[in-house]
Number of protein chains: 2
Amino acid sequence: MTTNRRSGPHRPATIPDVAREAGVSRSTASRALADYGSVSPEARERVRAAARKLGYRPNQLARSMITGRTHTLGAVVADIQNPFFAGVTRGITDAARAAGYQILLANTDEDPAAERAAVKTLRDRHVDGLIVSPASTTDTAHLTAAHTGGCPVVLLDRRVPHLDLDSVTVDNHGAAQDAVRRLLAVGHRRIALVSLVGNDATDDPVDPGSTGLARMAGYRAALREAGIDDAAAYLRTGAFHGQDPALLARDLLDSPEPPTAVFATDSLVALGVLSAARELNLRVPEDLSVITFDDTDWARAVRPRISVVAQPVQELGAQAVHALIARVQGGAHPPEHTTLPTEFIERESVAPARKRP
Amino acid sequence: MTTNRRSGPHRPATIPDVAREAGVSRSTASRALADYGSVSPEARERVRAAARKLGYRPNQLARSMITGRTHTLGAVVADIQNPFFAGVTRGITDAARAAGYQILLANTDEDPAAERAAVKTLRDRHVDGLIVSPASTTDTAHLTAAHTGGCPVVLLDRRVPHLDLDSVTVDNHGAAQDAVRRLLAVGHRRIALVSLVGNDATDDPVDPGSTGLARMAGYRAALREAGIDDAAAYLRTGAFHGQDPALLARDLLDSPEPPTAVFATDSLVALGVLSAARELNLRVPEDLSVITFDDTDWARAVRPRISVVAQPVQELGAQAVHALIARVQGGAHPPEHTTLPTEFIERESVAPARKRP
DNA sequence: GCCCGATGTGGGAACGTTCCCAACCTGCTC
DNA sequence: GAGCAGGTTGGGAACGTTCCCACATCGGGC
């Protein structure tokens, strides 16, 4: 087995090979295959036949060296194992493939240092653009550097203030407000919001990130509308990273004046709430109404089925891809901020509030 | 005034630039940076200083053209949204990054045609190797073609008979046998296995694939050991694709002589079983014991918490990466078949069998 | 008859790197 | 003092493609 691929029996055919076979020059063969410039019909046909015969596959590396385009996008997400990002990643790969792009995947685990490293490596690989769900709202110099350095960046799920990059997010404020309004509409007054900390692991342990902030703001807005001013009374965010949401929820539900309804900002938190409720022998929805963000598999299989704010996860990824490709191919238009609507899916986890015994 | 015609404001520095700055030739600069051949200490230091000053980043594309290595691996998985593959993908990216490789991700949705297309595209991108969870046990010509064509392939999670490729799988037979033994040990005799169809969307709608087959075999083996010969009585596999596991389970649990225990081959099936049980007012574990494959987030949050056969999902991905890199860098050793152990996690969803009223 | 544009064609350069090889110094031995 | 080994250096080629440009041919309009 020779390691030299020049003399190998199955050396992949190149343009010179095809040109020789077709009896034309490299230039003509290249034009015929890439379908540009002007080539006579006969020459084009001969080249195509030769390429077919030799099983010619263009070398994308060489092509990329000339054109400066790799048709590859980098996706830098926080955690693929999180169902939300799994769905987003699915949307990204599907949309990219449909548009003729491939995806280089990187996981940051919410670590800004890992994110910087990933962005660096992906840029070294000459990706045409980057989709990033930024781990930090402050440590973003590498993102602007990439963007101004010719590698467009689209922000996914999370917005960074004062950063002039395209972004694709969900209407977190509106979705939270709507969900809390529904709880208010059936008579709840003591409504809790339970959340883990946000998307920032290092800078500030309690920084809720743009997503968490927007959801809290929507929650507060709905309460204010209803004349409830003390919005902080039932607001619980994980004080430190890795905190067990079940403990957080237990603490809340076991208080002297417990909430009659809980709004969970993600599915993991919701599991904690349900777990705590069972432990305290609280029935859902009779004793406790529950709404959560994210329509996971178990939310529609558990009894009672959980009412949720469904995010268009795949669409989120797809829109990010489209925005990025537009930026890659096209021009310098002002940054666009796309906000996708959420959908409230009503199930059986919400009941009218009732007097406590 | 630069001599280069493309004097953009931020043209990335190249080796000639560094060499000029350091007052040496391209060759010396290249040797100093790549740390091979022989370079005088002074020259090496001058080159390094120049590279630092100019912010030199080697062009991986050009490097790959020469070396024939891209330090990129292709991962072709069935469905990233499936928690199992999400975990596997996580393991793959982590292990790859640690070894200095990047991951090009492709989703097949269990479609052999999509898998063929993905393999073709990734090979065109000159990945150094491929990790594939094959959608079909018969349509595998593209995999052997890739392997013999110099692009090593490692099979993930699923084995293909008579295919001499490295594989990394889980001990499905042993895991299933162990789980069923545990049910037998506490007195159950009417034990059901509920499964969706396997990993093949086109060839044969009821082909359970290697994974499913092994699990069924383990189930049968355990029953035989216990002297139960009619192993088919409580074996339920989804007859066609997309079948609702809850319906399948309902059908089973509502029969005249229903099982007292159910073994679900994946977490989605388990949700269906739990859903059906609630619908029929069967309590878990008093009326029905449940064990499932895959330790998902909800399995440890739901009440009762579900006993599971946990697969080492991340380890599975990591091992595949290591096997592939060994194949890429090293030599032609005979194909290795790695089988990883599973772990039974005992929770509260299994109770001793009792007489039916 | 001559210019001109349109059309087809081929040669050369370029992209940025690695690798091979010849040439050059040293300093040492015989 | 010639030869030789070992370290150091630079020039050239190569990887496979695209792109620029020069050239050749041909018909038509003046």
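Atoms considered below: every heavy atom in the structure, side chains included; atoms not considered: hydrogens, waters and symmetry mates. A note on names: the letters A, B, ... follow the listed sequences, proteins ahead of strands, and every chain is numbered from 1.
- Side chain of A/Thr28 to backbone of A/Val24: no donor-acceptor contact under 3.5 angstrom is found.
- The minimum heavy-atom distance between A/Tyr56 and A/Thr14, with the atom names listed, is CE1-C, 3.7 Å.
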Could you go through B/Arg125 and A/Thr70, starting from their C-alpha distance and side-chain angles, then the distance that decides it, and tell me whether this counts as side chain to side chain contact (heavy atoms under 4.5 Å, CB included)?
CA-CA 9 Å; B/Arg125 289 279 203 281; A/Thr70 54; 6.0 Å; no
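- Listed by residue number, A/Met65, A/Ile66 are the residues of residues 65-74 of chain A with a heavy-atom contact under 4.0 Å to DNA chain C.
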For nucleotides 24-27 of chain C, print each protein N/O atom paired with a nucleotide N/O atom at under 3.5 Å, atom names and distance only.
none

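- When each of B/Thr121, B/Leu73, B/Leu122, B/Val76 is tested with B/Leu104 by the rule side chain to side chain contact (heavy atoms under 4.5 Å, CB included), just one qualifies, namely B/Leu122.
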Quick test: give all pairs of protein nitrogen or oxygen and nucleotides 6-11 of chain D nitrogen or oxygen below 3.5 Å, distance rounded to 0.1 Å.
{"unit_1": "D/dT9", "atom_1": "OP1", "unit_2": "B/Ser40", "atom_2": "OG", "d": "2.9"}
{"unit_1": "D/dT9", "atom_1": "OP2", "unit_2": "B/Ser40", "atom_2": "N", "d": "2.9"}
{"unit_1": "D/dG10", "atom_1": "OP2", "unit_2": "B/Ser25", "atom_2": "N", "d": "3.0"}
{"unit_1": "D/dG10", "atom_1": "OP2", "unit_2": "B/Ser25", "atom_2": "OG", "d": "3.2"}
{"unit_1": "D/dG10", "atom_1": "OP2", "unit_2": "B/Thr28", "atom_2": "OG1", "d": "2.9"}
{"unit_1": "D/dG10", "atom_1": "N7", "unit_2": "B/Arg31", "atom_2": "NH2", "d": "3.1"}
{"unit_1": "D/dG10", "atom_1": "O6", "unit_2": "B/Arg31", "atom_2": "NH1", "d": "3.2"}
{"unit_1": "D/dG11", "atom_1": "N7", "unit_2": "B/Ser27", "atom_2": "OG", "d": "3.1"}
{"unit_1": "D/dG11", "atom_1": "O6", "unit_2": "B/Ser27", "atom_2": "OG", "d": "2.8"}

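- Taking the side chain as every heavy atom from C-beta outward, A/Val47 and A/Glu21 never approach each other to under 4.5 Å.
- Between A/Arg90 and B/Asp109 there is a salt bridge, with a side-chain nitrogen of the basic residue lying less than 4.0 Å from a carboxylate oxygen of the acidic one.
- Rounded to whole Å, atom P of C/dT9 lies 13 Å from atom OH of A/Tyr36.
- Across the helix from C/dG1-D/dC30 to C/dC30-D/dG1, the helix axis at one end is tilted relative to the axis at the other end by 70° (nearest 10 degrees, each axis from five pairs).
- Side-chain contact check for A/Leu143 versus A/Thr140: some heavy-atom pair is nearer than 4.5 Å.
- For the 3.5 Å distance criterion, the side chains of B/Gln60 and A/His126 fail to qualify, holding no donor opposite an acceptor.
- Among the heavy atoms of the strands lying under 4.0 Å from B/Thr14 are primed sugar atoms or P, OP1, OP2 only; no base atom is included.
- Between A/Glu110 and A/Arg158 a salt bridge is recorded (basic side-chain N to carboxylate O distance below 4.0 Å).
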May I have the step-by-step check of side chain to side chain contact (heavy atoms under 4.5 Å, CB included) for B/Val321 and B/Thr93, ending in yes or no?
CA-CA 9 Å; B/Val321 167; B/Thr93 52; over 6 Å; no
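- Taking the side chain as every heavy atom from C-beta outward, B/Glu115 and B/His142 approach each other to under 4.5 Å.
- Shown for residues 45-63 of chain B: no residue has heavy atoms falling under 4.0 angstrom of DNA chain D.
- In this structure, A/Asp164 and A/His147 have side chains that are not in contact, with every pair of non-hydrogen atoms separated by 4.5 Å or more.
- By the 4.0 Å N-to-carboxylate-O rule, A/Arg48 lies close enough to A/Asp35 to be salt-bridged with it.
- To the nearest 0.5 Å, atom CG of residue A/Asp128 and atom CZ of residue A/Arg327 are 14.5 Å apart.
- Donor-acceptor pairing under 3.5 Å is recorded for the side chains of B/Ser167 and B/His337.
- Between the side chain of B/Arg31 and the backbone N or O of B/Gly37, no donor-acceptor pair lies under 3.5 Å.
- DNA chain D is contacted by no residue of residues 121-129 of chain A, taking any non-hydrogen atom closer than 4.0 Å.
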Stepwise side-chain hydrogen bond (donor to acceptor under 3.5 Å, both in side chains) test for B/His71 and B/Gln102
CA-CA 6 Å; B/His71 277 76; B/Gln102 294 295 308; over 6 Å; no
